[in-house]
Amino acid sequence: MARVVMVTGVSRYLGGRMARVLTEDPEVDRVVGVDVVPPRQDIGGAEFVRADIRNPIISKVINAAEVDTVVHMGVIATPLQAGGRMSMKEINVIGTMQLLAACQKAPSVTKLVVKSSTSIYGAGPRDPAMFTEDMEPKHTPRYGWAKDSVEVEGYVRGFARRRPDVLVTTLRFANFLGPKVDTPMSAYFELPVIPVLLGHDARLQFIHEDDGLAALLQATTRDVPGIFNISGDGIILLSQAVRRCGRPTIALPRPMAPIVGTFVRQLGLADFSPEQVRFLEYGRGVDTTRMRSVFKFEPQHTTSETFDAFVAAHRLNRVLTPERVEAVEKQLLSLLTGRSTANA
Amino acid sequence: MPDARVIPIGSESDGKTRRRRKAAAPPAAGGRNRAGAAGSGRRGGSGAAAAAEVPEEYEEAVPVHAPLPGAEPAPVAWDERVASWLTFLRRRVTGEYPVDEFGFDPELTDRVLLQPMRQLYSRWFRVETRGLENVPDEGGALIVANHSGTVALDSVMTAIALLDHHPARRPLRMLGADLVFQTPFIGELARKSGSTLACAPDAERLLRKGELVGVWPEGFKGVGKPFSERYKLQRFGRGGFVSAAIHSGTPIIPCAIVGAEETYPIIGNAKTLARILGLPYFPITPMFPWLGPLGMVPLPSKWIIAFGEPIRTDDFPAGAGDDPMLVFNVTDQVRETIQQTLYKLLVQRRSVFL
């Protein structure tokens, strides 16, 4: 079976790796990578087409290459990379609309894989502990990337209605983290002093970049239509994560968070959007039963292991390493118990 | 559909439940639980490791204590206790402690959060438990209790009763109102101590995982009711807890708590102040706010926590959880059982404080 796969957002880290992995797949004949800027990394044998998915030229690319599978990874989470929030929204929302419009007109397209995010569930105090795919958000996201993702999924649903013959797989990923990938969360944990919200401790979930890629590959090469939450097992508390980084924190009262957020953003250190602040306030958990039972995917890393891999690769924890703390513990123990026996 | 059957906790069914539990624990434990106030006054843990250090009388009755997941085994000697605390501190510093998907931190709850409450449990309120043998050693069960006492101390005391005095040392996973999770610090501590939002998906998820879930269906109406209404059950939720139990096929255990009403008797409610502060009520007691922080000390009432005979839900027909009539019937049965038990215990009680 001749398979021509188009990958959008190929110039970014995950898109590029996805294209490279697909070219190595014997079942895939041809890989077309699309993005507005040329890729900085090796995309293997994939062809690169410099096209903006925001204008109708994308339709010509799809028809010329007779693309049968579209992997949409062009939803950007980092406004700093996209050149500001306005252009990020353009790429995410208008880009998706144009891409889906082109797919709808292209008879060759039989499959669509969308990289979405669990941020569409929002974050708030009335959330259930673990969201399943059928649950509606209790606090609909109103800003940023999360809002874009909600809109993107809306357009994908519309597309699936209009082209029922196309298999649509939507993967809702927890926050990506790992040795290489650059996300709002990785930038946050790399801050020299990590701002946290006073009186809140969010539950976080992460997916390792390798696992995320494997899930996308599986969705592309196998036919499993539907919506799936994809995340590493378990959760990690924000306080726990920060301690594993060995970094100092500064606890901000909730009303001060937007001010500090704007400051951090203007310095270009990290993206600290209102949505991100809300996420750090309440956190979120998603249920991955369907990922195992229907999608048949088993992540290799738990949330906790993913975080440790990220900390190790970025060498974040240089002072309070577990080994040193354990050494201090042993010293203290011999000191204390030694004294106690001396007294007795 | 079964009719509402009201069995006051600890009445005719006593012999039956005692027999049922014989295999799990020697009758001595059950008998002592039901003994009068005199015997239980000095019960309860003391010192730093009360969680692991179970009172002697239980030591012989129940030889095996399941340690909490992630907790250290019972420290015996002084230096071992120091070592266990140092390990605990080291894990706090490096962030290497287990937390479940609801954010429950068993180690922190046992060692830190419950510690001051244990003193309150054994010395101040001298809590007496009855019918602990009605709570299963394993598997999911839903404990439904009356709510009272201005601040929800009754839920904490029930949790300690089950963690320290139940032979299987079961942590209680409580269901809380959304206001709890909106409030900074309180919401954080609630999650860490094992609570989660009172909603159907969370309740069913916990029950299916085989956890012991505690629910106080009266909510703020129960805790914030005036003293004149004491021991009169308020509106008992919408029956959501019954549906959750039926959906997950787990038993409902009615629980009556006597004594909590007298800790902070509410004689007035400053409604305007409550509205300004965004609280469901602002209590005025004989001591609070007149005596300032001193007014926040609870009155040392004598408490009784009685667990009733489980109501099975696994023999209902399929789809029973979505049958509102049946759900209301069972809700009413649970409510009546608790109300009758409360009256019965009140009659037996010799004095509020002794």
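Every chain is numbered from 1, with letters handed out A, B, ... down the list of sequences.
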Handout entry: Portion of A:D308 that has a non-hydrogen atom of chain B nearer than 4.5 angstrom
Key = neither

Exercise for the section: Could you look at B:D100 and say if it's the side chain, the backbone, both or neither that has a heavy atom under 4.5 Å from chain A? Expected result: backbone

Exercise for the section: Tell me, for B:R191 versus chain A, whether the close heavy atoms (under 4.5 Å) come from the side chain, the backbone, both or neither. Expected result: side chain

Problem - B:Q182, CD atom: more than 12 neighbouring heavy atoms under 6.0 Å - result: yes

Exercise for the section: Could you walk me through whether B:K192 and A:L237 pass the side chain to side chain contact (heavy atoms under 4.5 Å, CB included) test, one step at a time? Expected result: CA-CA 10 Å; B:K192 287 188 177 170; A:L237 291 176; 3.9 Å; yes

Problem - Option that, when pairs with chain B are counted at under 4.5 Å, heavy atom only, ranks first among A:D287, A:V328, A:L332, A:V242 - result: A:D287

Practice task
Return the minimal non-hydrogen interatomic distance between A:Y282 and B:F181, and the atom names on each side.
Solution key: CE2-O, 3.6 Å

Handout entry: Min side-chain heavy-atom separation A:E329-B:L89 under 4.5 Å
Key = no

Practice task
Quick one: closest heavy-atom pair of B:Y97 and A:S239, and the distance?
Solution key: OH-OG, 3.8 Å

Practice task
Can you measure from OG1 (B:T94) to CD (A:E323) and round to the nearest 0.5 angstrom?
Solution key: 9.5 Å

Practice task
Measure distances from A:L333 to the heavy atoms of chain B and classify the residue's part below 4.5 Å as side chain, backbone, both or neither.
Solution key: both

Practice task
Taking the side chain as every heavy atom from C-beta outward, state whether A:R243 and B:R92 have any atom pair closer than 4.5 Å.
Solution key: yes

Exercise for the section: Taking all heavy atoms of A:P322 and all of B:E96, pick out the closest pair and write down the distance. Expected result: CG-OE2, 3.8 Å

Fill in the blank from the handout: Note: A:L336 and B:W78 closest approach over all heavy atoms is O-CZ3, 4.4 Å

Exercise for the section: Kindly check if the number of other-residue, nucleotide or ligand heavy atoms within 6.0 Å of CE (B:M296) is above 12? Expected result: no

Exercise for the section: May I ask you to test the A:R254-B:P184 pair for a side-chain heavy-atom distance under 4.5 Å? Expected result: no

Handout entry: Which portion of A:I236 sits near chain B, non-hydrogen atoms under 4.5 angstrom
Key = neither

Handout entry: Enclosure of A:R142 CZ (heavy-atom neighbours >12, cutoff 6.0 Å)
Key = no

Exercise for the section: Working to the nearest 0.5 Å, report the span between CZ of B:R205 and OG1 of A:T289. Expected result: 5.5 Å

Exercise for the section: State whether the side chain of A:R244 and the backbone N or O of B:G95 hold a donor-acceptor pair below 3.5 Å, judged by distance alone. Expected result: yes

Exercise for the section: Would you mind reporting whether B:F102 and A:I235 have side-chain heavy atoms less than 4.5 Å apart? Expected result: no

Handout entry: B:L197 versus chain A, the contacting section by heavy-atom distance below 4.5 Å
Key = side chain

Problem - CZ/B:R238: more than 12 non-hydrogen atoms of other groups inside 6.0 Å - result: no

Problem - Per-residue contact mode, A:R126 against chain B (heavy atom under 4.5 angstrom) - result: both

Practice task
Assess whether atom CG of A:L198 is packed by more than 12 heavy atoms of other residues, nucleotides or ligands within 6.0 Å.
Solution key: yes

Handout entry: Whether A:E326 side chain and B:R90 backbone form a donor-acceptor pair below 3.5 Å
Key = no

Exercise for the section: Indicate yes or no: at least one non-hydrogen side-chain atom of B:C199 is less than 4.5 angstrom from one of A:K138. Expected result: no

Handout entry: Nearest heavy-atom neighbours spanning B:D202 and A:A129
Key = OD1-N, 2.8 Å

